[in-house]
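Here's the structure we're looking at; comments come further down.
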Amino acid sequence: MTGTPTPQVEHDKPLSLVLVGGSGDLAQKKILPALFSLFSQRLLPPQIRFYGFARTPMTDDEFRRKAMEHLTCRYVPGENCAQWMDRFLARCHYQAGQYDSADSFLDLFRRMKDFEKTADVNRLFYLAIPPSVFLDVARALADAGLVTCGPGRGWSRVVMEKPFGRDRASSDEMARDLAHVFSERQIYRIDHYLGKELVQNLLVLRFANIVFEPLWSREFIRGVDICWKEDIGIGSRGGYYDGIGVIRDVMQNHLLQILSLLAMERPAAVDARAVRDEKVKVLRAMPPLRQADLVLGQYTGVERNGRRQPGYLEEPGVAPDSVTPTCAAAVLRVENDRWRGVPFFMRAGKGLDGRLAEIRVRFRPVPANPFAQLMPVLPENDLIIRVQPDEAINLRIINKAPGLALRLEETALDLRYHAAFKDIIPDAYECLLLDAIRGDKSLFIRADELAAAWDIFTPVLHETEGRRVRPEPYPFGSAGPAATRELAAREGIECE
Ligand code: NDP
Ligand code: BG6
């Protein structure tokens with residue numbers, strides 16, 4: 001999505017794409033469907049092979065059948081789709097093995113050799129596994145001789161899923177250990193929210209229009225809300241989620257990335273380096289979150305339509321006395337000239353009353369109201385950017401209601417993507433996988449960005465976890481902990 005020339009896919013070279021954790025939720029539900037979408041649009045090199053790798057025993061055919069369940073015909077509707085699926089699945093293979101075993105990866109290597117045939121082959125390793133096994137995999141890949149680079153050889157890249165570590169220290173340690181296998185150039189730390197259409201649009205909206213930037217500061221903005229909620233619980237992901245919690249799962253990465261794009265200065269160019277330089281500056285201007293500015297919650301079980309919806313503590317894989325938060329609200333600050341005094345109110349939670357990811361920029365009231373007789377208090381303008389579902393940009397304004405009389409009414413300039421554009425909105429993973437294959441790192445997290453992000457959340461994570469602070473219970477499907485509204489009220493924010 002950068003303004004400078006984007007690196008291109010090398011269509012003339014073979015590409016082996018290894019999906020480590022190929023049996024898992026992410027691989028099956030997101031990565032393989034995204035690869036199919038790219039493949040069916042002819043965006044991938046024709047000489048490509050996909051290799052699933054995980055511990056679960058499976059044959060190639062079983063892997064293909066499992067993968068097929070989630071492929072969609074979005075880009076190739078009609079009869080063509082089945083042919084494209086056959087072509088795609090014929091390129092999918094599976095190797096069972098242990099994550100810490102070079103021998104297992106040598107078995108994989110032997111299978112890859114059947115196809116690669118030349119040393120000049122590109123390799124992409126996608127780690128769709130819990131971070132606890134990243135290092136084992138990296139070492140085993142290196143010991144098996146799969147990570148190659150240099151003259152006459154193709155590139156090797158690794159895509160890693162968040163969370164990268166548990167705190168600043170463990171993240172640094174992981175970075176040091178990974179550096180023995182992969183250089184920073186080869187590492188693509190993915191945050192799939194950066195691939196979402198409306199998140200990518202933030203820079204365009206801010207810097208390609210004259211109307212927003214002059215108002216984009218403490219002088220005209222009184223607060224920014226970033227709200228993320230899901231109406232589902234953690235389901236089968238208890239083993240991953242417990243001990244991780246909502247701050248590490250969503251806030252420290254997805255929502256903080258959104259915040260940095262909203263708050264950063266204009267980059268010198270829209271390229272990987274300049275954009276990430278500006279994001280780092282914003283993150284470094286943010287003081288660590290204080291416990292007084294944080295609310296934690298945990299969902300409890302409810303009866304729904306005669307069925308019991310389990311509470312967090314009843315979910316499989318969760319410790320019965322767990323204090324892991326499933327919901328949090330935080331007031332974050334950016335201590336620079338542009339933003340000093342403006343609260344960035346971040347809310348995120350599972351098991352809430354809907355599914356939404358939305359940014360709300362709240363403008364200050366007009367300094368004088370010439371319409372006081374008609375409307376004594378003019379509602380303030382809000383710019384609402386709905387990331388999902390139903391992508392939209394909505395500017396709430398005061399307008400004259402049509403008619404002979406002068407009557408004021410709050411209304412909205414409303415850009416709804418599904419009505420305004422006929423193009424298919426790509427899934428975030430389609431965009432990011434293509435970028436990783438092209439070698440465009442603009443939408444991936446740089447090491448210094450990651451460190452700065454951890455610095456904001458590490459002290460409060462240590463404090464709350466060290467003292468085993470018990471999150472406030474909230475019923476599944478509700479609006480979340482009551483304390484969130486108190487925190488919002490303290491900052492003068494009306495909580496919706
Ligand atoms: P899964 O729990 O499905 O794990 C993926 C695979 O890893 C499993 O199929 C399993 O394969 C193996 N695995 C699971 N637990 C362990 C363990 N404790 N030790 C070793 N191997 C294990 O996770 P997801 O696919 O949901 O997530 C993978 C990564 O992607 C995580 O880092 C997550 O944060 C991230 N992510 C996930 C998203 C999603 O939508 N699911 C979205 C964004 C990020 P096997 O037993 O066959 O070896
Ligand atoms: C992942 C989190 O990073 O993002 C999940 O681990 C969350 O807990 C998911 O559900 C949300 O992604 P999306 O694209 O469905 O909003």
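Reckoned from all heavy atoms, side chains included, excluding hydrogens, waters and symmetry mates. What you are looking at is a predicted structure, and each value in this text was computed from that prediction instead of being measured. Atoms within each ligand, like the ligands themselves, are counted from 1 in listed order.
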### Query
Are the side chain of Arg139 and the backbone N or O of Val181 linked by a donor-acceptor pair below 3.5 Å?
no
### Query
Which pairs count as ring-ring contact (aromatic ring centres under 6.0 Å, His included) when at least one residue sits in residues 429-455, sequence neighbours excluded?
Tyr188-Phe444, His192-Tyr429
### Query
Between Ser104 and Asp107, does any side-chain donor sit less than 3.5 Å from a side-chain acceptor?
no
### Minimum-distance protein heavy atom relative to atom 7 (C) of ligand 2
Glu230 OE2, 3.5 Å
### Query
Any idea which protein heavy atom is nearest atom 5 (C) of ligand 2, and the distance to it?
Arg237 NH1, 3.2 Å
### Message
One residue to check: Arg248. Relative to ligand 2, which of side chain, backbone, both or neither has a non-hydrogen atom less than 4.0 Å away?
### Response
neither
### Message
Return the closest protein heavy atom for atom 15 (O) of ligand 2 as residue, atom name and distance.
### Response
Lys30 NZ, 3.7 Å
#### Entry: Heteroatom proximity flag, His254 to ligand 2, N/O under 3.5 Å
yes
### Query
Quick check: does Tyr193 get an N/O under 3.5 Å from an N/O on ligand 2?
yes
### Task
Compute whether any side-chain donor of one residue and acceptor of the other, for Ser442 and Asp440, lie under 3.5 angstrom apart.
yes
### Message
So is Lys350 touching ligand 2 or not, going by heavy atoms under 4.0 Å?
### Response
yes
### Message
Is the contact between Tyr241 and ligand 2 made by the side chain, the backbone, both, or neither, using heavy atoms and a 4.0 Å cut-off?
### Response
neither
### Those atoms of ligand 2 less than 4.0 Å from some heavy atom in Lys196
13 (P), 14 (O), 16 (O)
### Message
Is a donor from one side chain sitting under 3.5 angstrom from an acceptor on the other, for Tyr417 and Asn201?
### Response
yes
### Query
List by chain and number: which residues place a heavy atom under 4.0 Å from ligand 1?
Ser23, Gly24, Asp25, Leu26, Ala54, Arg55, Thr56, Tyr99, Ala128, Ile129, Pro130, Pro131, Val133, Glu161, Lys162, Pro163, His192, Arg237, Tyr240, Tyr429
## Note on the structure
Correct closest heavy-atom pair for Asp242 and Ala319 would be OD2-N, 3.0 Å
### Task
Verify the distance criterion only: is there a donor paired with an acceptor across the side chains of Thr326 and Tyr474 at less than 3.5 Å?
yes
#### Entry: Arg87 atom CZ, neighbour heavy-atom count above 12 within 6.0 Å
yes
### Message
Applying side chain to side chain donor-acceptor pair (under 3.5 Å), can you list everything that pairs with Glu430, at least two apart in sequence or on another chain?
### Response
Ser37, Arg74, Tyr75
### Query
Tell me: protein heavy atom nearest atom 12 (O) of ligand 2, and distance?
His192 NE2, 3.1 Å
### Summary
Arg333 meets the salt bridge (charged side-chain N to carboxylate O under 4.0 Å, His left out) criterion, sequence neighbours left out, with Glu491
### Query
atom 8 (O) of ligand 2: which protein heavy atom is closest, and how many Å away?
Asp249 OD2, 2.6 Å
### Query
Taking the inter-plane angle between the rings of Tyr51 and Phe115 on a 0 to 90° scale, is it parallel (under 30°), tilted (30 to 60°) or perpendicular (over 60°)?
tilted
